[in-house]
A.B. asks: 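Below are the structure tokens for one structure; questions will follow.
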Amino acid sequence: MSCLFCDIATKKIPAKVVREDEYTIAFHDINPAAPTHVLVIPKKHLTSISDATEADAALLGHLMLAAKTVAQELGVQDGGYRIVLNTGTNGGQSVLHLHAHVLGGRALAWPPG
Ligand code: 5GP
Ligand code: ZN
């Protein structure tokens with residue numbers, strides 16, 4: 001089954017990559033919702049956080065650390081930022097490969113719409 005973010009992870013589809021390591025890749029969102037809007041994904045295909053198991057615990061920890069490193073490296077750490085996992089239909093998930101949004105560079109409203 002084809003997956004857009006698996007294809008970005010394997011470089012079949014181009015993206016503006018911010019950082020990459022053994023387990024994750026981070027790239028700019030194509031339709032940014034904030035001055036900084038990066039998606040951090042595991043290279044392993046997981047449909048969403050709902051698909052994760054205990055076996056993925058280290059990978060998920062790694063993903064969160066990769067997200068905060070992106071925030072540091074793109075200079076939004078001091079101003080503050082948000083890490084978001086949209087999950088399933090009501091969560092507003094449109095791409096069915098687990099991804100963490102890293103949003104920063106402006107004051108973000110709460111609660112989300
Ligand atoms: P979701 O709505 O699933 O939480 O977020 C999916 C995100 O992926 C959206 O913010 C959307 O703009 C982004 N996106 C969709 N297609 C592409 C693409 O081909 N390239 C990149 N870089 N981002 C994409
Ligand atoms: Zn995938």
Side-chain angles (χ1 to χ4, degrees):
M1 217 179 72
S2 78
C3 169
L4 174 63
F5 285 180
C6 282
D7 285 350
I8 286 178
T10 55
K11 314 280 171 66
K12 277 187 213 149
I13 290 178
K16 291 185 185 167
V17 174
V18 171
R19 78 182 292 280
E20 183 175 1
D21 58 40
E22 189 178 349
Y23 304 108
T24 69
I25 184 165
F27 50 92
H28 289 283
D29 195 292
I30 205 166
N31 185 22
T36 295
H37 188 176
V38 170
L39 303 173
V40 189
I41 68 169
K43 290 182 173 176
K44 171 187 172 180
H45 181 90
L46 291 171
T47 300
S48 75
I49 190 66
S50 297
D51 200 22
T53 70
E54 198 59 40
D56 300 308
L59 177 62
L60 294 173
H62 196 85
L63 185 77
M64 294 305 282
L65 291 171
K68 75 103 189 188
T69 300
V70 164
Q72 277 173 340
E73 290 180 353
L74 295 188
V76 297
Q77 179 172 258
D78 290 349
Y81 60 95
R82 190 171 290 167
I83 298 174
V84 175
L85 302 183
N86 292 330
T87 305
T89 305
N90 283 351
Q93 184 179 7
S94 62
V95 178
L96 298 182
H97 179 128
L98 173 63
H99 50 281
H101 295 256
V102 179
L103 297 147
R106 67 171 171 84
L108 299 163
W110 189 264

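Start at 1 and go down the list; that is how both ligands and their atoms are numbered.
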A.B. asks: Could an N or O of ligand 1 be found under 3.5 Å from any N or O of Gln93, whether backbone or side chain?
C.D. replies: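 It does not: no N or O of Gln93 is found under 3.5 Å from an N or O of ligand 1.
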
A.B. asks: Taking the six-membered ring for Trp and the single ring otherwise, decide whether the centroids of His97 and His99 are under 6.0 Å apart.
C.D. replies: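 For His97 and His99, the ring centres are not under 6.0 Å apart.
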
A.B. asks: Is it the case that ligand 1 has an N or O less than 3.5 angstrom from some N or O of Leu39?
C.D. replies: no

A.B. asks: Can you see which heavy atom on Leu63 is nearest to which on Val40, and at what distance?
C.D. replies: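 So the two residues come closest at CD1-O, 3.6 Å.
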
A.B. asks: Taking all non-hydrogen atoms of both residues, which atom of Ala66 and which atom of Arg19 are closest, and how far apart?
C.D. replies: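 Reported closest heavy-atom pair: CB-NH1, 3.5 Å.
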
A.B. asks: Ring centres of His37 and His28 under 6.0 Å apart?
C.D. replies: no

A.B. asks: Please indicate whether any nitrogen or oxygen in His101 is less than 3.5 Å from any nitrogen or oxygen in ligand 1.
C.D. replies: yes

A.B. asks: What N, O or S atom of His45 is found closest to the Zn ion (ligand 2)?
C.D. replies: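 Per the distance ranking, His45 contributes ND1 as its closest N/O/S atom to the Zn ion (ligand 2).
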
A.B. asks: Would you mind checking which non-hydrogen protein atom is closest to atom 2 (O) of ligand 1, with the distance to 0.1 Å?
C.D. replies: Ser94 OG, 2.9 Å

A.B. asks: Would Glu20 and Lys43 pass as an ion pair if we require N to O under 4.0 Å?
C.D. replies: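 Lys43 and Glu20: salt-bridged.
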
A.B. asks: Side chain or backbone, does Phe27 bring an N or O within less than 3.5 Å of an N or O on ligand 1?
C.D. replies: no

A.B. asks: Show the nearest heavy-atom pair for residues His45 and Thr47, with the distance to one decimal.
C.D. replies: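 Closest approach of His45 to Thr47, heavy atoms only: NE2-OG1, 3.5 Å.
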
A.B. asks: Return a yes/no value for Val95: is any of its N or O atoms, backbone included, closer than 3.5 angstrom to an N or O of ligand 1?
C.D. replies: yes

A.B. asks: Quick check: of its N, O or S atoms, which one does His97 have closest to the Zn ion (ligand 2)?
C.D. replies: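 The atom in question is ND1.
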
